[in-house]
Every structure is written in structure tokens, then in C-alpha cells.
> 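I'd like to ask you about the structure that follows.
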Amino acid sequence: VNFVGGYLAFYRTGHKVVAATQIILSDADKIEIKIPSELKVGDFIVVRESDKDIVRELADVVLENSGKGHLRALASKWREALEIELLFCSVDDFCEKVKAAGCNKGISTIKRWIEDDDVIAPRSKEDLRILAEITENETLLELLDSIFEAAQEIRNAHVLAGRKLSEQLKHTLAKELKQFEDIDPFNFWEPIEMDIEGIGNVKVLKIIDIGTEIQIDAADTNRLIEE
């Protein structure tokens, strides 16, 4: 993805980016979370030179400020159990085990639990129980209720973080955009730089070109690169 100002980024297929297009062009109230396949030329994307997820990082600030910073590690115990189990069987075999144990989720959902790091935890406690039984993981079995509740708290923190980021972007962009008056999306070539509380400096960049899918080194993905 190529941006104004000589910036580019290579995004992994399922990576999530923050879009502020509607806030800028139609005075909407909320950011949009998009994956690369949903992006289009002319979109305005909130980016940093870091590959960290902005909403997740803000959610962690929310959790820390409420004395719940430890919940992220607790909620991840189910994933640790899966990773150990997958040392001894394939992803497809594991999915079949989960289905055979009574899980009514589709194979694509089960694979997403395994492959998508953004999944906080299965949303159903019954699904979490099935994973605990299949993996025979003592920690997951003993802390099932606590892990499920921790995941719920983290989801709530993500929702609050999304709202907070939307409010900060809308407020900060309103001041920054005064210098541009009405933005012409077809004739906008300068990055908008600003400081967002909790995450630091960010750039709002317009997409000017989107290429085809390619394979590159993982270290070069999901981060802003200056040409």
C-alpha cells in the first residue's frame, strides 16, 4: 500500500488497520477497522512507524489504569494450551478433534482461533471448556472461569479503546484540518501528523496506490516504511 509523503507498507492478509476516512470526509464519529482487502485508493489510514496494534495498545492502557493489566496474560492461557497441543498434531487433525468433542463452530472459526493472534479467546465458555478437555491442560481446566471472564474484560477494554481513539482522532483532526480547510480527497498530498494521548505520534496518510499480493520477509510487514 502506497501513501502520500513517500510512505508505504506491506500488510499481512489479516492485519487490521485504523481508517479515519469517514471522520475526515463526512464528519462521522467513529473510526473504522479494516483489513487490507477492504482498503481502497483515497482512504485515510492512521499509521505509526511501529507495527503494534493501536487499539490493542490503547486497550492495554485502559486495563493498566483500572488495575487489570494482568488480565491479558491470564486470558492467553487458552492459546498456550493450543500451542502445546499443536506440537503433537496438525491443525486439521486438531480441528477434527474439536468438532468431534461437540463444538458447533465451523472449521474456519476453529482455524481462526489457532492462526489469528487478534482473537482474544473463544466467545463461548462451552468452546473454551472443549478446548480444555481436548488439550488436557491443567491450568486451562482449573482457571476456565477466570480465563473466560478475563477475555470478557479485555473485549470491553478494546471497545473503550476504540471509542477513545475515535474521540481523540475526531477532536485532534478537527484542529489539524483547519489549516487545510475543506479536504479535496483527489488533491491531498501531505501527511497529517499529531500526538494521540496514550500512543504518541501518529500520521494520517491518504492511500494513493494498492498493489497486488506478494511474498516478502515477515520483518518488513505491518509497519510504515519511508521510501
Side-chain angles (χ1 to χ4, degrees), residues 1 9-19 32-39 45 47-48 50-60 63 71-141 143-144 146-159 161-162 210-225:
V1 177
F10 299 99
Y11 292 121
R12 297 185 189 182
T13 304
H15 183 69
K16 295 177 177 64
V17 298
V18 175
E32 297 175 280
I33 305 298
K34 294 187 173 184
I35 57 175
S37 62
E38 297 172 332
L39 298 175
I45 305 301
V47 294
R48 291 184 298 171
S50 166
D51 62 353
K52 292 182 179 178
D53 182 320
I54 295 176
V55 174
R56 174 173 175 150
E57 193 164 347
L58 272 178
D60 284 340
L63 290 167
L71 293 183
R72 181 81 67 181
L74 176 59
S76 69
K77 295 297 182 184
W78 72 279
R79 187 176 294 281
E80 293 174 11
L82 263 63
E83 290 172 351
I84 294 171
E85 185 70 16
L86 288 166
L87 294 173
F88 305 99
C89 67
S90 69
V91 170
D92 288 338
D93 287 344
F94 181 77
C95 289
E96 290 302 325
K97 284 184 182 180
V98 175
K99 294 291 288 181
C103 178
N104 60 9
K105 300 297 187 298
I107 294 296
S108 60
T109 297
I110 299 170
K111 284 188 175 181
R112 184 167 173 264
W113 294 342
I114 297 168
E115 298 168 354
D116 188 349
D117 290 338
D118 288 336
V119 174
I120 296 169
R123 290 183 174 272
S124 162
K125 187 183 289 189
E126 176 62 17
D127 289 337
L128 204 57
R129 183 190 63 77
I130 288 172
L131 294 179
E133 291 181 352
I134 289 173
T135 59
E136 298 181 350
N137 185 281
E138 291 185 6
T139 300
L140 186 51
L141 287 165
L143 300 177
L144 185 66
S146 298
I147 292 170
F148 181 76
E149 290 167 6
Q152 296 283 73
E153 288 278 1
I154 292 170
R155 289 192 193 95
N156 291 338
H158 275 243
V159 171
I210 299 175
T212 57
E213 291 188 12
I214 61 172
Q215 288 189 343
I216 65 169
D217 191 285
D220 291 325
T221 62
N222 301 341
R223 66 185 183 88
L224 192 63
I225 300 172

> First locate atom CD of E32, then atom CD1 of I45, and finally report the distance between them rounded to the nearest 0.5 Å.
8.5 Å
> Got a salt bridge between D92 and K111, using NZ or NE/NH1/NH2 to carboxylate O under 4.0 Å?
yes
> At their closest point, which heavy atom of G162 faces which heavy atom of V55, and how far apart are they?
N-CG1, 4.2 Å
> Quick one: side-chain hydrogen bond (donor to acceptor under 3.5 Å, both in side chains) partners of K77, sequence neighbours excluded?
none
> Report the C-alpha separation of E96 and I107 in whole Å, then their side-chain angles, then the decisive distance to 0.1 Å, and conclude whether the side-chain contact (heavy atoms from CB on, under 4.5 Å) test is met.
CA-CA 8 Å; E96 290 302 325; I107 294 296; 4.2 Å; yes
> Check for a donor-acceptor pair, side chain of S90 on one end and backbone N or O of D93 on the other, with a separation under 3.5 Å.
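Checked: pair present.
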> On a heavy-atom basis, which atom in A59 and which in A161 lie closest, and how many Å separate them?
N-CB, 3.5 Å
> For R12, enumerate each residue passing the salt bridge (Lys or Arg N to Asp or Glu O under 4.0 Å) test, keeping only those at least two apart in sequence or located in another chain.
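With neighbours one apart ignored, the set is empty.
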> For V47 and Y11, work out which heavy atoms get closest and say how close.
CG1-OH, 3.7 Å
> Show the nearest heavy-atom pair for residues I110 and C103, with the distance to one decimal.
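Smallest heavy-atom distance, with atoms named: CD1-SG, 4.4 Å.
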> Going by atom type alone, with no hydrogens or angles, which donor-acceptor pairs under 3.5 Å involve a side-chain atom of residues 127-135 and a protein atom two or more places apart or on another chain?
residue: D127; atom: OD2; partner: K105; partner atom: NZ; Å: 2.6
residue: R129; atom: NE; partner: E126; partner atom: OE1; Å: 2.9
residue: R129; atom: NE; partner: E126; partner atom: OE2; Å: 3.3
residue: R129; atom: NH1; partner: E133; partner atom: OE1; Å: 2.9
residue: R129; atom: NH1; partner: E133; partner atom: OE2; Å: 2.3
residue: R129; atom: NH2; partner: E126; partner atom: OE1; Å: 3.4
residue: R129; atom: NH2; partner: E126; partner atom: OE2; Å: 2.2
residue: T135; atom: OG1; partner: L131; partner atom: O; Å: 2.8
residue: T135; atom: OG1; partner: A132; partner atom: O; Å: 3.3
residue: T135; atom: OG1; partner: N137; partner atom: N; Å: 3.4

> Does any N or O in the side chain of R56 come within less than 3.5 Å of the main-chain N or O of D118, such that one atom is a donor and the other an acceptor?
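Side chain of R56 to backbone of D118, a donor-acceptor pair under 3.5 Å: no, none is there.
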> Is it the case that the side chain of W78 and the backbone of F148 share a donor-acceptor pair, with hydrogens and angles ignored and the cut-off at 3.5 Å?
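Checking the backbone N and O of F148 against the side chain of W78, no donor-acceptor pair under 3.5 Å is found.
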> For a side-chain contact (heavy atoms from CB on, under 4.5 Å) check, start with the C-alpha distance between I35 and T13, then their side-chain angles and the critical distance, and finish with the verdict.
CA-CA 7 Å; I35 57 175; T13 304; over 6 Å; no
